[in-house]
There are 2 protein chains.
Amino acid sequence: MNNKNKTFIDKLRSSGLRPTNQRVEISKFLFNRKKTFHFTVEELKNSMNLKRSKKISTATFYNTVHALKSAGHLKEFSLENNTSYYDTNITSHHHFFDNGKVIDIKSDKITFQKLPEAPKGKKIKNVEVVIRLENNN
Amino acid sequence: MNNKNKTFIDKLRSSGLRPTNQRVEISKFLFNRKKTFHFTVEELKNSMNLKRSKKISTATFYNTVHALKSAGHLKEFSLENNTSYYDTNITSHHHFFDNGKVIDIKSDKITFQKLPEAPKGKKIKNVEVVIRLENNN
DNA sequence: ACATACTTTAGAATAATTATAAAGTAGTTA
DNA sequence: TAACTACTTTATAATTATTCTAAAGTATGT
Ligand SMILES: [Mn+2]
Ligand SMILES: [Mn+2]
Ligand SMILES: [Zn+2]
Ligand SMILES: [Zn+2]
């Protein structure tokens, strides 16, 4: 096991999961990439299982994604279609939504001139912006 | 039929729907209020049917809400729980999300110092902010 | 090897939503 | 008004995303 595998395994261990084959493959698939990955569990399952003779079960995908999310290695978000999306970029950041396509906007690309106060008894956890796009013309 | 009913009926007609009893009641329930109403179809159905002897069917709730939404009388949005929410405030505006509770923030309460350009070939349709809240301490 | 704890998986169950098709209602025409 | 037509409501079935369950598999410690 090389050094790189270690980080995938660490994410599993810190999520309370033993690094089984299935889980390590899922973790690699999710985190072994340069760019942010936005996905649904179904998309993840289909794209990973397409290439495999021995399929990983739906339950394992859901369990693994949930554990990674609970441990803070994935963030959950929502489009307007009753499905959960997950984001490998766990920092607070913004998005372009372009007809179902999701693109990250780094946090420092948007700054505020004016923001409201939190209601009393509450404080602000984070502020995230969605910029919805449409085609020119 | 008084002047007020007319606006509920107009919303139905402009959504391509005949103003049947069921639809007029739904439209009144949605739009006959001072404050913005954020709801799921199930919530709408349960709160309206609770008071009624003759229940309105699930399909009628879904059909009516969808038609009102398509005509632009309702806006759809999503929390992180695979259910569609609807908003009687159809203007572009912002929200506080506070553990499942949704509160409107008027558009002019948030202004930007810096915003990214739209990718080429695209333009910005709208910019909406979610401020997530947590309890103090 | 045996015990124990954790894991994977197929399949059942649930929740939100959408589709279907029969029965009801309304508007129009003869 | 009777007949015709188009639209509507509803119960129910189907679908989709997700969660649950329980049996069979795997790993680890003694
Ligand atoms: Mn759904
Ligand atoms: Mn769901
Ligand atoms: Zn992102
Ligand atoms: Zn709102």
Side-chain angles (χ1 to χ4, degrees), chain A residues 1 8-9 11-29 38-49 52-71 74 76-87 100 102, chain B residues 1 5 8-9 11-29 38-49 52-71 74-87 100 102:
Chain A
M1 177 191 317
F8 308 129
I9 290 176
K11 287 202 206 299
L12 293 170
R13 285 203 197 285
S14 62
S15 308
L17 299 177
R18 284 191 190 164
T20 62
N21 284 337
Q22 291 94 326
R23 289 169 177 170
V24 173
E25 295 214 32
I26 293 172
S27 186
K28 272 190 209 164
F29 189 92
H38 300 104
F39 64 97
T40 68
V41 175
E42 282 294 310
E43 288 167 0
L44 173 66
K45 184 185 90 175
N46 292 334
S47 50
M48 285 193 67
N49 275 345
R52 305 171 56 89
S53 41
K54 177 114 184 33
K55 315 295 186 193
I56 298 173
S57 72
T58 304
T60 294
F61 282 105
Y62 275 100
N63 290 342
T64 305
V65 166
H66 284 165
L68 289 168
K69 189 224 158 175
S70 293
L74 289 173
E76 190 178 1
F77 68 99
S78 256
L79 302 189
E80 266 136 56
N81 70 348
N82 51 60
T83 328
S84 283
Y85 282 76
Y86 295 89
D87 191 333
V102 180
Chain B
M1 177 193 315
N5 268 5
F8 309 129
I9 290 177
K11 288 202 205 302
L12 293 170
R13 285 202 197 285
S14 62
S15 308
L17 299 177
R18 284 192 191 163
T20 61
N21 284 337
Q22 290 94 326
R23 290 170 176 168
V24 172
E25 295 214 34
I26 292 171
S27 186
K28 272 189 208 166
F29 190 91
H38 300 104
F39 64 97
T40 67
V41 175
E42 281 296 309
E43 288 167 359
L44 173 65
K45 184 185 89 174
N46 292 335
S47 52
M48 285 192 66
N49 275 346
R52 305 171 56 89
S53 41
K54 177 112 186 31
K55 314 295 185 195
I56 298 173
S57 72
T58 304
T60 295
F61 282 105
Y62 275 100
N63 291 341
T64 305
V65 166
H66 284 164
L68 288 168
K69 187 225 159 175
S70 293
L74 290 173
K75 252 173 52 152
E76 189 177 0
F77 67 99
S78 254
L79 302 188
E80 266 136 55
N81 69 347
N82 50 61
T83 329
S84 283
Y85 283 75
Y86 295 88
D87 191 333
V102 180

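Each chain gets a letter, A, B and so on, in the order its sequence line appears, and its residues count up from 1. Since the model is a prediction, treat every value here as computed from it, not as a measurement.
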Could you work out which one of [options] sits closest to the side chain of [X]?
{"X": "B:Lys54", "options": "D:dT10, C:dT17, D:dA17", "answer": "D:dT10"}
{"X": "B:Ala59", "options": "D:dA17, D:dA11, D:dT8", "answer": "D:dA11"}
{"X": "B:Arg23", "options": "D:dT8, D:dT18, D:dT10", "answer": "D:dT8"}
{"X": "A:Glu42", "options": "C:dT9, C:dC6, D:dA17", "answer": "D:dA17"}
{"X": "B:Arg18", "options": "C:dT17, D:dT10, C:dG27", "answer": "C:dG27"}

Output the rounded distance in Å from [atom1] ([X]) to [atom2] ([N]).
{"X": "A:Leu17", "N": "D:dA27", "atom1": "CG", "atom2": "P", "answer": "16 Å"}
{"X": "A:Phe61", "N": "D:dT18", "atom1": "CZ", "atom2": "P", "answer": "14 Å"}
{"X": "A:Lys69", "N": "D:dT18", "atom1": "NZ", "atom2": "P", "answer": "12 Å"}
{"X": "A:Asn82", "N": "D:dT19", "atom1": "CG", "atom2": "P", "answer": "13 Å"}
{"X": "B:Asn49", "N": "D:dT9", "atom1": "CG", "atom2": "C1'", "answer": "13 Å"}
{"X": "B:Ile56", "N": "D:dA11", "atom1": "CD1", "atom2": "P", "answer": "12 Å"}
{"X": "A:Leu12", "N": "D:dA27", "atom1": "CG", "atom2": "P", "answer": "15 Å"}
{"X": "B:Met48", "N": "D:dT9", "atom1": "CE", "atom2": "C1'", "answer": "14 Å"}

At under 4.0 Å, does any side-chain N or O of [X] touch on OP1 or OP2 of [N]?
{"X": "B:Ser84", "N": "C:dT17", "result": "yes"}
{"X": "A:Gln22", "N": "C:dT9", "result": "yes"}
{"X": "A:His66", "N": "D:dT19", "result": "yes"}
{"X": "B:Lys55", "N": "D:dT10", "result": "no"}
{"X": "A:Tyr62", "N": "D:dT18", "result": "yes"}
{"X": "A:Thr20", "N": "D:dT26", "result": "no"}

Is there a donor-acceptor contact under 3.5 Å from the side chain of [X] to the main chain of [Y]?
{"X": "B:Glu25", "Y": "B:Gln22", "value": "no"}
{"X": "A:Arg13", "Y": "A:Pro19", "value": "no"}
{"X": "A:Ser70", "Y": "A:Leu68", "value": "no"}
{"X": "B:Ser15", "Y": "B:Lys11", "value": "yes"}

Check: Going by atom types only, do B:Glu76 and B:Ser84 share a side-chain donor-acceptor pair under 3.5 Å?
Finding: yes
Notebook entry, point to check: Hey, does A:Thr60 reach any base, or is it just sugar-phosphate, or nothing, if we go heavy atoms under 4.0 Å?
Noted result: base
Next item on the list: For B:Lys45, report the nucleic acid contact type (base, sugar-phosphate, nothing); a contact means any heavy atom under 4.0 Å.
Entry: nothing
Notebook entry, point to check: Less than 4.5 Å apart, any side-chain heavy atom of A:Phe61 and any of A:Asn49?
Noted result: yes
